[in-house]
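Sequence lines set the chain letters: A, B, ... in the order given, protein chains first and strands last, and positions in each chain run from 1.
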Amino acid sequence: MPVEDPFAVRRAKRDALIESGETPYKDRFDFTHRASDVIAEYGHLEAGDDSADVVAMAGRVVAKRDQGKVAFVVVRDATEDIQLFCRVNVLGDDGYEVVRSLDVGDWIGATGTVLRTRRGELSVSPTEIVLLSKSLRPLPEKFHGLTDTETRYRQRYVDLVMNREVRDVFHARFRIISAIRRHMESQGFLEVETPMLHPIPGGATARPFVTHHNTLDMEFYLRIAPELYLKRLLVGGFERVYEINRSFRNEGVSIRHNPEFTMLEAYQAFTNLDGMMDLTEGIVAAAAQEVLGGLRTSYQGVDVDLTGPWPRRTMIELTSEAAGEDVSFGRTADELRELCSTHGVPVDDSWGKGKLITEIFEKLVEGNLVQPTFVTEYPLETSPLARKKPGQPELTERFELIITGREIANAFSELIDPVDQRERFAKQIEAKASGDDEAMGYDEDYLRAMEYGMPPAGGLGIGIDRLVMLLTDSASIRDVLLFPHMRPEA
RNA sequence: GGGCCGUUAGCUCAGUCGGGAGAGCAGGGGACUUUUAAUCCCAAGGUCAUAGGUUCGAUCCCUAUACGGCCCA
């Protein structure tokens, strides 16, 4: 019976075990040591040293070198790899037969003594090995591993098994988020959860996903931002709240965009934009300290220094500098349109001066801001939820934090005047009516909340995926998302 | 949405100026009691992404499609 298809061979082993009354899918293994514990406790052993200590460990077989009466099996657990030095005289014939039948990919439990081989490899010499779970599919080749991007994203589980750097990136991601939570807690913020199904899309300008609630027989939108719910909590008297939220935007997929993404939004009563700058610097520093151990890093070959305080520059200043001429509300809309065409910025007839300036800024400046920079004084036209700048009603008290040419954070001194907010919603509705499918909805309940009185407050949003990209030197957002969205397989 | 590139064995890749395909690893058989990309011997493994077209003949040339990557909008 020449069964040579790897899947079939493994399947036959599984079936044979079941036939013999032994399950290839155990339900428990009590280990005493993770691989890293073995390394920490027995790292001092010299080549050829033999400890009498018995340890029990579990993991996945990632390599096997069979030499007849001795075999080397490399086992990987969540912490490290460790070698099993399997000998027939220690395991006995039956025990060694278990080793022989192992395939790369199998989960096993091993009990044995710790030693360091003559060649210097710290190893466990098992007296017993049990198969915990049979793997039916062969893992990728041991030397090159899995490199095909498509397969890596589609079968992230294999990517994680095979690629240490990938495990490290996600480990860093989890630590970053954990450090941010600790920092927020230390600053007195409450972590809250607000709805993901919104009857009215708001809190950002973006195309939403639409879904249907059967019982209520109505449309809901997957949130594009949690902002309006978090600010309702300010009205309710929670003075410092934040949510690490998944939000959804029905837009393109690119190296920087995924349809669902993770954001931190925080609101703090009785402070303003300056408070949000401090908070932002604190959060980024906490995250960087956690995974970099400092504030300097290198992103795609470019050195980045995250040491604060970061420079604060107005959008108009920066844009005028880059354009070599005044780019401000002092210019006519026609002049600004002319500038757009000079710099190859496509324009839309419905855009006012604010939008035109923002577009020129994005074209000429944003991508060139490598070191952390707070860009301030965004136009009112593109900031429907931010407080107006006193004396300059066409500008708002808003900043975006740009690092390596990308928006990492966005913050306002919040608009708390319900009458002003009502007017701005009306403008959004006009924009929607004239075809802007990213415009916000008119949220009457949010206005009602504001009319009860919202305390002065600063609000902040940080793109967690982009922050993780920066701190892990990842070129694509897909490299920091466990399961990035893709079209169904061909 | 546009442009360029890719898709060959489970994995990593060659290759065919158009005559119908190869390696390494993995897998199978054998040898080996200190290997670590173990080594050695033997045998096996493919709808060359999919669908059309050109041709005596297409995995290779052409067109379209699918999926992916990069760049641009």
Margin query: Counting only side-chain nitrogens and oxygens, does Arg65(A) get under 4.0 Å of the OP1 or OP2 atom of C32(B)?
Written below: no
Next item on the list: Tell me which of Leu102(A) and Tyr153(A) sits closer to the 5' end of RNA chain B, going by the nucleotide each one is nearest to.
Entry: Leu102(A)
Check: Among U36(B), G28(B), G69(B), which nucleotide sits nearest the side chain of Thr149(A)?
Finding: G69(B)
Item checked: Whole-Å distance separating the CD atom of Gln67(A) from the P atom of U36(B) -> 8 Å
Next item on the list: Measure from CG on Asp93(A) to C1' on U33(B) and round the result to the nearest Å.
Entry: 13 Å
Next item on the list: Measure distances between side-chain N and O atoms of Glu121(A) and base N and O atoms of U36(B), and say whether any donor-acceptor pair falls under 3.5 Å.
Entry: yes
Check: Taking C-beta and beyond as the side chain, do Leu339(A) and Ile360(A) meet within less than 4.5 Å on heavy atoms?
Finding: yes
Notebook entry, point to check: Base, sugar-phosphate alone, or nothing: which one does Asp66(A) contact when heavy atoms must sit under 4.0 Å apart?
Noted result: base
Check: Which part of the nucleic acid, if any, lies within contact of Met486(A), taking any heavy atom under 4.0 Å across all strands shown: a base, the sugar-phosphate backbone alone, or nothing?
Finding: sugar-phosphate
Margin query: Going by the rule salt bridge (Lys or Arg N to Asp or Glu O under 4.0 Å), which residues pair with Glu325(A) if we only count those two or more places apart in sequence or in a different chain?
Written below: Arg331(A)
Item checked: Positive for side chain to side chain donor-acceptor pair (under 3.5 Å) with Asp159(A), one of Arg154(A), Arg152(A), Arg167(A) -> Arg152(A)
Note to self: So if I take every side-chain heavy atom of Lys142(A) and compare against G69(B), A37(B), C67(B), which nucleotide ends up nearest?
What the structure shows: A37(B)
Next item on the list: Using a 4.0 Å heavy-atom cut-off across all strands, classify Thr117(A) as base, sugar-phosphate, or nothing.
Entry: base
Notebook entry, point to check: For the side chain of Lys363(A), counting heavy atoms from C-beta on, which of G27(B), U33(B), A73(B) is nearest?
Noted result: A73(B)
Next item on the list: Mind calculating the distance between CG (Leu146(A)) and C1' (G10(B)) to the nearest angstrom?
Entry: 11 Å
Next item on the list: Provide the distance between the two C1' atoms, one in U59(B) and one in U7(B), to the nearest whole Å.
Entry: 12 Å
Next item on the list: Side chain of Lys69(A) only, please: which of U36(B), U33(B), U34(B) is the nearest?
Entry: U33(B)
Next item on the list: Could you say whether Gln83(A) or Ser476(A) is positioned toward the 5' end of RNA chain B, judged by the nucleotide with the nearest heavy atom to each?
Entry: Gln83(A)
Checklist line | Phe72(A) ring center near Phe85(A) ring center (under 6.0 Å) | finding: yes
Checklist line | Minimum-distance nucleotide to Pro138(A) side chain [options: G10(B), G27(B), U34(B)] | finding: G10(B)
Margin query: Is there a side-chain contact between Arg154(A) and the phosphate of G68(B), meaning an N or O under 4.0 Å from OP1 or OP2?
Written below: yes
Next item on the list: Could you check which of G27(B), U33(B), U12(B) has an atom nearest any side-chain atom of Pro6(A)?
Entry: G27(B)
Note to self: What's the closest nucleotide to the side chain of Ile255(A) if the choices are U36(B), A26(B), C71(B)?
What the structure shows: C71(B)
Check: For atom P, what is the distance between A23(B) and U16(B), given to the nearest Å?
Finding: 16 Å
Next item on the list: Both distances under 3.5 Å, Watson-Crick or G-U wobble: report the partner of A49(B), or none.
Entry: U65(B)
Checklist line | Rounded interatomic separation in angstrom, taking NE2 from His257(A) and P from C71(B) | finding: 13 Å
Notebook entry, point to check: Say you pick atom P in C60(B) and the same atom in A64(B); how far apart are they, in whole Å?
Noted result: 15 Å
Next item on the list: Counting Watson-Crick and G-U wobble pairs only, both distances under 3.5 Å, name the nucleotide matched with G1(B), or none.
Entry: C72(B)
Next item on the list: Give the ring-plane orientation class for Trp310(A) versus Phe374(A), where under 30° counts as parallel, over 60° as perpendicular and anything between as tilted.
Entry: tilted
Notebook entry, point to check: What integer number of Å spans the P atoms of A26(B) and C40(B)?
Noted result: 11 Å
Next item on the list: Look at the rings of Tyr442(A) and Phe425(A) and say which category their plane angle falls in: under 30° parallel, 30 to 60° tilted, over 60° perpendicular.
Entry: tilted
Margin query: At less than 4.0 Å, is any side-chain N or O atom of Arg487(A) found next to OP1 or OP2 of C67(B)? Yes or no.
Written below: yes
